[in-house]
Amino acid sequence: MPVKIAPSILSARFDRLGDQVREAVAAGADMLHIDVMDGHFVPNLTMGPALVKSIRPLTKVPFDVHLMVTRPQDFVKAFADAGADDLTVHVESEHDVRETVRAIHAAGVRAGVVLNPDTAFEKAEPFLGEVELLLVMTVHPGSAGQTFRHDVVPKIRLARAFLDKLGYDVELQVDGGIKVDTAQVAAEAGADILVSGSGIFPDRVAETLRAIRAAAERAFEGR
């Protein structure tokens, strides 16, 4: 399958969020990425279940909710009930990762684990047979518009090789600094899903989304 594009609404204009969601979907977004920050695990505060619920009627594309929170287990039900299709949780958070993954599945939602840029791939290995997603961050989470860290590319390649070798049906996401040039780098390294916020929003949404997709597909053809 071609690489999927997941626009992150963190970079959208919130004074016309509904219009921006519709623009991204009309341009071919495969899913929408929703960054949830609690002001503790990361130093920013963002969206909650009420926002997810408010935009859920606008589209049927999957909502990919990234929980950048200290105790993700406390938020599983609320976001599942609000309309999340995927919930990804950090291995660095304060929780029993396996128990949180089980809670996500019990809520009827796909589960994923997330690695920060400086976290070794091995920290995710014990859970990869139990999840549907692995998200590798190429920036430190907490704010939009950061620069892609090329030193994380070997970890993306390592993750791709590991998933392929074991035959796990796990989608590999890459998030952080994804624009036209870095989309090709991440796709060549093995990404299945590219998350892009400021690379797509808030202006020229259709144009930038399609350009990122074209770059990713060029890389995908050579994999």
How long is the span from the CG atom in Asp30 to the CD1 atom in Ile5, to the nearest 0.5 Å?
6.5 Å
Salt bridge (Lys or Arg N to Asp or Glu O under 4.0 Å) with Asp96: which residues, sequence neighbours excluded?
none
Tell me every residue that passes salt bridge (Lys or Arg N to Asp or Glu O under 4.0 Å) with Asp151, counting only those two or more places apart in sequence or in another chain.
Arg149
Sidechain-backbone polar pair: Glu92 side chain, Asn116 backbone, donor-acceptor under 3.5 Å:
yes
Okay, side chain of Ser196, backbone of Pro7: is any donor-acceptor separation there less than 3.5 Å?
no
Using the salt bridge (Lys or Arg N to Asp or Glu O under 4.0 Å) criterion, which residues pair with Glu130? Sequence neighbours excluded.
Arg98
Rounded distance [0.5 Å steps], CD in Glu125 versus CG in Leu163:
9.5 Å
Just jot down the ring-ring contact (aromatic ring centres under 6.0 Å, His included) partners of Phe121, sequence neighbours excluded, or say none.
Phe162
Side-chain contact test, heavy atoms from C-beta onward, threshold under 4.5 Å: evaluate it for Phe14 versus Met47 and give yes or no.
yes
Over all atoms of both residues, closest heavy-atom pair of Ala84 and Val52
N-CG1, 4.3 Å
Side-chain cluster (under 4.5 Å, hydrophobic types only) that Met31 belongs to, other residues
Leu133, Ile193
Hey, mind stepping through Leu115 and Lys123 against side chain to side chain contact (heavy atoms under 4.5 Å, CB included) and telling me if it holds?
CA-CA 8 Å; Leu115 296 173; Lys123 294 291 185 180; 4.2 Å; yes
Within 6.0 Å of CG in Asp15, more than 12 heavy atoms from elsewhere:
yes
With heavy-atom distances below 4.5 Å as the criterion, would you say the side chains of Leu158 and Glu122 are in contact?
yes
Side chain of Gln73, backbone of Ala103: donor and acceptor closer than 3.5 Å?
no
Apply side chain to side chain contact (heavy atoms under 4.5 Å, CB included) to Ile55 and Ile9, showing your working.
CA-CA 11 Å; Ile55 63 172; Ile9 65 170; 3.9 Å; yes
Can you list everything that forms a ring-ring contact (aromatic ring centres under 6.0 Å, His included) with His150? Sequence neighbours excluded, please.
Phe148
Could you tell me which non-hydrogen atom of Val180 sits nearest to which non-hydrogen atom of Ala211, and how far apart they are?
CG2-CB, 3.8 Å
Looking at Lys179 and Ser198, what are the two nearest heavy atoms and their distance?
NZ-OG, 3.4 Å
d(Leu32 CG, Asp64 CG) to nearest 0.5 Å is 9.0 Å
Under 3.5 Å donor-acceptor, Lys155 side chain and Pro117 backbone:
yes
Flag for His95-Asp74: side-chain donor and acceptor within less than 3.5 Å:
no
Mind jotting down which residue pairs meet the ring pair (Phe, Tyr, Trp, His ring centres under 6.0 Å) criterion with at least one end in residues 170-192? Sequence neighbours excluded, please.
none
All heavy atoms of Pro202 vs all of Gln20, minimum pair found to be O-NE2, 2.9 Å
Trace of the side chain to side chain contact (heavy atoms under 4.5 Å, CB included) decision for Val113 with Leu128
CA-CA 8 Å; Val113 290; Leu128 294 180; 4.1 Å; yes
Under a 4.0 Å threshold between the charged nitrogen and the carboxylate oxygen, would Asp85 count as salt-bridged to Arg56?
yes
Is there a path of hydrophobic side-chain contacts, each under 4.5 Å between heavy atoms of I, L, V, M, F, W or Y residues, that connects Val36 with Val195?
no
Going by salt bridge (Lys or Arg N to Asp or Glu O under 4.0 Å), name the residues that satisfy it together with Arg16, two or more places apart in sequence or in a different chain.
Glu23
Minimum heavy-atom distance between Ile178 and Ala186, given as atom pair plus value
CD1-CB, 4.0 Å
Going only through I, L, V, M, F, W and Y residues with side-chain contacts under 4.5 Å, is there a path from Val136 to Leu87?
yes
With sequence neighbours excluded, residues passing ring-ring contact (aromatic ring centres under 6.0 Å, His included) with His90
Phe41, His66
Mind checking what makes side chain to side chain contact (heavy atoms under 4.5 Å, CB included) contact with Ala206, not counting sequence neighbours?
Ala27, Arg210
Rounded to the nearest 0.5 Å, how far apart are CD of Gln173 and NE2 of His33?
6.5 Å
Could you state whether Leu45 and Val42 fall into the same hydrophobic cluster, counting links through intermediate Ile, Leu, Val, Met, Phe, Trp or Tyr residues with side-chain heavy atoms under 4.5 angstrom apart?
no
How would you list all residue pairs meeting side-chain hydrogen bond (donor to acceptor under 3.5 Å, both in side chains) that involve residues 36-50, not counting sequence neighbours?
Asp38-Thr70, His40-Thr70
The residue among Thr88, Ile156, Val174, Val170 that forms side-chain contact (heavy atoms from CB on, under 4.5 Å) with Leu134 is Val170
Atom pair CG/CE of Asp35 and Met68 - distance to nearest 0.5 Å:
3.5 Å
Which heavy atom in Val131 sits nearest to a heavy atom in Ala111, and how many Å separate them?
CB-O, 3.4 Å
With rounding to the nearest 0.5 Å, note down the distance linking CG in Leu17 to CZ in Arg22.
9.5 Å
Linking Ile, Leu, Val, Met, Phe, Trp and Tyr by side-chain heavy atoms under 4.5 Å, what else ends up with Leu135?
Val114, Met137, Val139
